[in-house]
There are 2 protein chains.
Amino acid sequence: MVTINDVAQHAGVAASTVSYVLSGKRTISETTRARVMASIRTLGFHPHAGARALASNKANVIALALPFRQGMHLPVLMQFATAVVTAARAADHDVLLLTADEGAAGVRRIANSAMVDGLILMDVETHDPRVPTLRELDRPSVLIGLPASADGLTCIDLDFTGAGELCVNHLAGLGHKRVALLGAPQAVYDRDTGFARRTRDGVLTAARSLNVHAVARPCEPTYAAVLRELTALPNVTGLIVHNEAAVDHALTALRTLGRRIPDDVSVVAICPDEVAERATPELTSVPIPATEVGQRAVELLMSKLDGNTTASVTLLTPRLTVRSSTGPA
Amino acid sequence: MVTINDVAQHAGVAASTVSYVLSGKRTISETTRARVMASIRTLGFHPHAGARALASNKANVIALALPFRQGMHLPVLMQFATAVVTAARAADHDVLLLTADEGAAGVRRIANSAMVDGLILMDVETHDPRVPTLRELDRPSVLIGLPASADGLTCIDLDFTGAGELCVNHLAGLGHKRVALLGAPQAVYDRDTGFARRTRDGVLTAARSLNVHAVARPCEPTYAAVLRELTALPNVTGLIVHNEAAVDHALTALRTLGRRIPDDVSVVAICPDEVAERATPELTSVPIPATEVGQRAVELLMSKLDGNTTASVTLLTPRLTVRSSTGPA
DNA sequence: GCCGATCGTCGAAGCGCTTCAACAATGGGT
DNA sequence: ACCCATTGTTGAAGCGCTTCGACGATCGGC
């Protein structure tokens, strides 16, 4: 292994000088800097992460706690993860992967071992058992999702209530009077996962204020279940689907029931653009801005690591893209 | 922060004794061990990962390089990842997440900084640019997938050739004489990704030796593309689908074309059980044993970290589960 | 032409842990 | 009763890096 001393010797300077060249925490003459950099390159020097963490009290690593739970749509999760890793790397940090298995204990272990400087928790539930642990730990952290109380925490998420409202507004604007929300599986509501409920609340609230009749139905993502639900809702002319795995099934089921899109029923989905664009017909949709959420989460965390305080809750404004699955009532 | 010295003082022993209690590398009397453990618990001591890495020259962290590329089925990727993290934790290691963005440079950086003890690369292509880097780095590593040459490497994967053969054998055994493989998007073959080609080869080889007529078609996972392909194959009575995102589309398309499953056409899919079971009808399938591959990959890596040598290629035997989508010709 | 500031560099201390050599205290074997 | 092994514990060295205080050199101001 090539150490900072090897570099120093090769460049004819002190080890501390090499360190300062690398960190920029002291002014270094241009000539020295160039000489050191050259030595670093020829020797192929990479600082030892452990030594660095020990001496500087910073690991330059953040933890990402992914849930891997049933009912979450995995591609979106991956988008989050990719965005987080990419953004973290841009800020010179690496990402340690944590799964739900270890739960609160894992969070505690990682934080106490000084292995990470901060953490990002994904898919936070309304009553998430990891949140109390996080509070007592006082390591900088960012939550994706909204727990019951965000006091003293930093949370970020899509404004799902707003997304639900947006869908209803769009349909109401087209003249639809009877709409339905095809939601997540019952298990997701039972688990108290915020985003599913918030969407439902948004839909119902907006419908009430616009004098639109709305029903919200949980739904398993199987063709049979979707068909059953849609068969039971013959009068609905506007359908909001907030369940990615059920989107294709819903389209097939409507086709089977002889209901044309958008002539007989307008469909708007809350799902990634990718899913909306691949469907036939292409779906009017409110995308979940996974990449943006991931990036913002990292930004917030880095800001906290720099000692800044941040807003306790950041809600991203939902946007609706009109495609060919919605039309006048 | 509570250090090993705090623990030592609290327990009335030397710091080295605490270290030996933790590592078990020296015999310690039961009474001392108990006293030390008690102190550790009361003080809430967690060893500093950086210090440990520095002193012992082991980070107890492995890197997992995920591709996040188009054409990979993400839920399977997540299964891999979960299995890897879980297995690694069981072996007292954490997992650092690497994405494809950084490519070979990322692999080099991580390895040289002593941040990880070994690496697992997922979705390795036939001519993967990371492989040469890995070779010169000489850190223990395990590849999931098969590069052109596995010499001196440790690779593990499902035997996709065998999976293709297995599907054809099953269909031929039911009396089918004309079969088709609906494969991955063209881009995946172009990229020289091994698994797609190996499946195709297995299908074609088995068909030839069983005197079955077979065609293999790449396919985009859109309803329109799938419908087009299936319309162009009116005589086929056995369909093999190796493209998870296209599975549902294929079933819908067959239904639309008025071809009943399994009466008119038998369908066998190479996909996770989850997808096969959710489909209507439930699909005869060859699952990709993501969890097992992940576990085995970690086992192999741990073995290498312990200084053992391992087989250069491990291929897992595919298994076919018969469900209701296949029947006699 | 002298003094204080500024700039660039250095040496040494120390981060928290592991591990090695060494030593004290036992416990048979003879 | 003596010696040698074994067992249990210790102190100290050192892993590779950052950072602090110090020091010589350069420079502008009077």
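Just the heavy atoms: all of them, side chains too, but no hydrogens, waters or symmetry mates, feed the values below. Order of the sequence lines sets the chain letters (A, B, ...), proteins ahead of strands, with each chain counted from 1. Here the structure is a predicted model, which is why all the values come from computation and not from measurement.
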Rounded distance (Å) that lies between atom [atom2] of [N] and atom [atom1] of [X]:
{"X": "B:Asn5", "N": "C:dG14", "atom1": "CG", "atom2": "P", "answer": "14 Å"}
{"X": "B:His48", "N": "C:dG14", "atom1": "NE2", "atom2": "P", "answer": "17 Å"}
{"X": "A:Arg33", "N": "C:dC7", "atom1": "CZ", "atom2": "P", "answer": "15 Å"}
{"X": "A:Ile4", "N": "C:dC10", "atom1": "CD1", "atom2": "C1'", "answer": "13 Å"}
{"X": "B:Ile40", "N": "C:dC17", "atom1": "CD1", "atom2": "P", "answer": "10 Å"}
{"X": "A:Asn112", "N": "C:dG16", "atom1": "CG", "atom2": "C1'", "answer": "15 Å"}
{"X": "B:Leu43", "N": "C:dG16", "atom1": "CG", "atom2": "P", "answer": "15 Å"}

I'd like a table of atom pairs between the protein and nucleotides 5-8 of chain D - only N or O on both sides, under 3.5 Å - with the distance next to each one.
from: D:dG8; atom 1: OP2; to: B:Thr27; atom 2: OG1; distance (Å): 3.0

side-chain contact (heavy atoms from CB on, under 4.5 Å), that's the test. Do A:Leu64 and A:Leu96 meet it? Break it down for me. CA-CA 6 Å; A:Leu64 175 63; A:Leu96 200 76; over 6 Å; no
So which of residues 49-63 of chain A are in contact with DNA chain C, with a heavy-atom cut-off of under 4.0 Å? A:Leu54, A:Ala55
Got more than 12 heavy atoms from elsewhere within 6.0 Å of CD, A:Gln9? no
Among pairs that include at least one residue of residues 51-63 of chain A, which meet side chain to side chain donor-acceptor pair (under 3.5 Å), considering only residues two or more places apart or in two chains? A:Asn60-A:Asp92
Which atom pairs, one a donor and one an acceptor, fall under 3.5 Å between side chains of residues 37-45 of chain A and the rest of the protein, sequence neighbours left out?
from: A:Ser39; atom 1: OG; to: A:His10; atom 2: ND1; distance (Å): 2.8
from: A:Ser39; atom 1: OG; to: A:Arg35; atom 2: O; distance (Å): 3.2
from: A:Thr42; atom 1: OG1; to: A:Ala38; atom 2: O; distance (Å): 2.8
from: A:Thr42; atom 1: OG1; to: A:Ser39; atom 2: O; distance (Å): 3.1

Go through the side-chain N and O atoms of B:Ser29 and B:Thr32 and say whether any donor and acceptor fall under 3.5 Å apart. yes
Measure from the side-chain N and O atoms of [X] to the backbone N and O of [Y], and report whether any donor-acceptor pair falls under 3.5 Å.
{"X": "A:Thr17", "Y": "A:Val13", "result": "no"}
{"X": "A:Asp306", "Y": "A:Asn308", "result": "no"}
{"X": "B:Asp117", "Y": "B:Ala59", "result": "yes"}
{"X": "B:Asn112", "Y": "B:Arg109", "result": "no"}

Below 4.0 angstrom from OP1 or OP2 of C:dT19, is there any side-chain N or O of B:Lys25? yes
Got a sec? Which of residues 10-21 of chain A come in under 4.0 Å of DNA chain D, heavy atoms? A:Ser16, A:Ser19, A:Tyr20
Side-chain atoms of residues 139-158 of chain A: list all donor-acceptor pairs with protein atoms under 3.5 Å, sequence neighbours left out, distances to 0.1 Å.
from: A:Arg139; atom 1: NE; to: A:Ala111; atom 2: O; distance (Å): 2.8
from: A:Arg139; atom 1: NH1; to: A:Val116; atom 2: O; distance (Å): 3.3
from: A:Arg139; atom 1: NH2; to: A:Ala111; atom 2: O; distance (Å): 3.0
from: A:Ser149; atom 1: OG; to: A:Asp151; atom 2: N; distance (Å): 3.3
from: A:Thr154; atom 1: OG1; to: A:Lys304; atom 2: NZ; distance (Å): 2.8
from: A:Thr154; atom 1: OG1; to: A:Thr310; atom 2: OG1; distance (Å): 2.8
from: A:Asp157; atom 1: OD2; to: A:Arg198; atom 2: NH1; distance (Å): 3.3
from: A:Asp157; atom 1: OD2; to: A:Arg198; atom 2: NH2; distance (Å): 3.2

Test item: B:Val131 and B:Val124 side chains (from C-beta on) under 4.5 Å apart, heavy atoms: yes
